[in-house]
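Heads up: the structure comes next, in structure tokens.
Just so it is clear, the model here is predicted, and its values are computed rather than measured.
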Amino acid sequence: MKSRIRWGRVIAAAVLSEFGAISVLMVVTLVCFFLFARNRTVAEFQQLGVRTGYYVAPLASGLATFLSALWVTRRLTTHFVLNGTLVGIAAVILTMGFLFSARPEDRFMYVVSFILRIVAGYLAGLMAQARFSRSQSLSSSAVGQVG
């Protein structure tokens with residue numbers, strides 16, 4: 001019996017979502033540097049980077065997880081929500097260690113990021129399921145019109 005879960009894609013998507021979140025964070029940090037920190041000291045720029053990361057990283061993580069979960073669910077015919085949610089859970093497990101090494105004042109945003117990842121995976125699964133249902137109803141109505 002074939003597994004309902006695409007484990008290889010789920011793990012790959014979790015890793016890709018982390019790369020995506022890091023990439024977005026790097027781009028936003030560079031944009032902030034060029035817009036706001038050109039004439040600042042290294043310490044001021046580092047502080048800007050910390051503040052930027054604090055607010056951008058959770059959103060970037062959620063967005064990257066959503067897009068990665070959509071990739072996992074794109075050719076499924078069942079279990080969309082399960083696979084999408086597992087992408088979010090795998091991404092959380094992958095990054096859980098950061099919570100314990102984070103500064104105490106940053107831990108709240110890590111928890112927010114973890115929640116956003118799981119919710120994003122779930123929502124991507126729901127979107128894939130709705131898209132599949134819509135395509136099935138369109139194809140069945142087209143067959144009904146032809147026949």
Side-chain angles (χ1 to χ4, degrees), residues 1-140:
M1 182 175 144
K2 192 172 181 179
S3 175
R4 307 182 304 190
I5 302 168
R6 298 173 113 185
W7 286 111
R9 282 187 176 241
V10 165
I11 300 302
V15 171
L16 286 173
S17 73
E18 187 59 23
F19 282 124
I22 291 169
S23 298
V24 168
L25 191 56
M26 287 173 43
V27 168
V28 169
T29 301
L30 284 173
V31 167
C32 284
F33 172 75
F34 286 112
L35 292 179
F36 306 115
R38 277 199 155 166
N39 298 322
R40 309 240 174 159
T41 66
V42 171
E44 290 173 326
F45 177 66
Q46 288 174 337
Q47 185 59 32
L48 176 65
V50 168
R51 280 195 322 267
T52 302
Y54 184 81
Y55 294 106
V56 172
L59 297 172
S61 298
L63 176 63
T65 301
F66 180 81
L67 295 173
S68 296
L70 278 179
W71 172 71
V72 168
T73 59
R74 70 189 167 120
R75 293 195 177 157
L76 292 177
T77 57
T78 61
H79 308 294
F80 304 97
V81 175
L82 175 63
N83 281 272
T85 304
L86 284 173
V87 170
I89 292 169
V92 168
I93 292 169
L94 180 69
T95 58
M96 184 68 76
F98 294 128
L99 177 67
F100 302 110
S101 63
R103 299 179 313 171
E105 59 269 21
D106 293 342
R107 290 185 180 144
F108 173 74
M109 286 311 256
Y110 275 96
V111 172
V112 169
S113 173
F114 296 159
I115 292 168
L116 286 175
R117 286 173 187 252
I118 294 169
V119 169
Y122 175 79
L123 291 175
L126 283 178
M127 179 181 264
Q129 184 175 2
R131 185 177 54 213
F132 180 78
S133 295
R134 193 171 39 254
S135 71
Q136 291 299 99
S137 67
L138 288 174
S139 63
S140 66

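- Here the CZ-CE distance, from R134 to M127, works out to 8.5 Å after rounding to the nearest 0.5 Å.
- Minimum interatomic distance between A91 and T65 (heavy atoms only, all atoms of both residues): CB-OG1, 4.3 Å.
- A pairwise comparison of heavy atoms in T73 and G84 identifies CG2-N, 4.0 Å as the closest pair.
- Atoms CE and CG, from M109 and D106 in turn, are 9.0 Å apart once rounded to the nearest 0.5 Å.
- Residues V92 and I118 are in side-chain contact: their nearest non-hydrogen atoms beyond the backbone lie under 4.5 Å apart.
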With side chain to side chain contact (heavy atoms under 4.5 Å, CB included) as the criterion, how do Q46 and V50 come out once you've worked through the C-alpha distance, each side chain's angles and the decisive distance to 0.1 Å? CA-CA 6 Å; Q46 288 174 337; V50 168; 5.6 Å; no

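- Residue M96 places its CE atom among more than 12 non-hydrogen atoms of other residues, nucleotides or ligands, all under 6.0 Å distant.
- Checked by atom type and distance alone, the side chain of R6 pairs as donor or acceptor with a backbone atom of V72 at under 3.5 Å.
- To the nearest 0.5 Å, atoms CG (L99) and CZ (F114) are separated by 5.0 Å.
- Between C32 and T52, the closest heavy-atom pair is SG-OG1, 3.9 Å.
- Contact annotation: the side chain of R131 never approaches that of F80 to less than 4.5 Å [non-hydrogen atoms, C-beta and beyond].
- Taking 4.5 Å as the limit, every side-chain heavy atom of V24 sits out of range of all side-chain heavy atoms of L63.
- V87 and S68 get closest at one heavy-atom pair: CG1-CB, 4.4 Å.
- Here S113 pairs with P58, S61, R117 under the side chain to side chain contact (heavy atoms under 4.5 Å, CB included) rule; sequence neighbours left out.
- For the atom pair CD (E18) and OG (S23), the distance works out to 9.5 Å, reported to the nearest 0.5 Å.
- Between Y122 and T85, the shortest heavy-atom contact is CA-OG1, 3.5 Å.
- Side chain of N83 to backbone of G121: no donor-acceptor contact under 3.5 angstrom is found.
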Under the criterion side chain to side chain contact (heavy atoms under 4.5 Å, CB included), I'd like the reasoning laid out for L123 against L126: C-alpha separation, chi angles, the key distance, then a yes or no. CA-CA 5 Å; L123 291 175; L126 283 178; 4.3 Å; yes

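- Atom CD1 of I89 and atom CG of L82 lie 8.5 Å apart (nearest 0.5 Å).
- With values rounded to the nearest 0.5 angstrom, R4 atom CZ is found 10.0 Å from L86 atom CG.
- Between Y110 and F100, the closest side-chain pair of non-hydrogen atoms is not below 4.5 Å.
- Using a 4.5 Å heavy-atom threshold, the side chains of Q129 and V81 count as touching.
- Of all heavy-atom pairs spanning Y55 and R51, the tightest one is CD1-O, 3.2 Å.
- Between the side chain of S17 and the backbone N or O of A14, at least one donor-acceptor pair lies under 3.5 Å.
- Looking at heavy atoms from C-beta onward, L48 lies out of side-chain contact with E44 at the 4.5 angstrom threshold.
- Residues V27 and L30 fail the side-chain proximity criterion, which asks for heavy atoms closer than 4.5 Å.
- Contact check for L76 versus F132: no side-chain heavy atoms found under the 4.5 Å cut-off.
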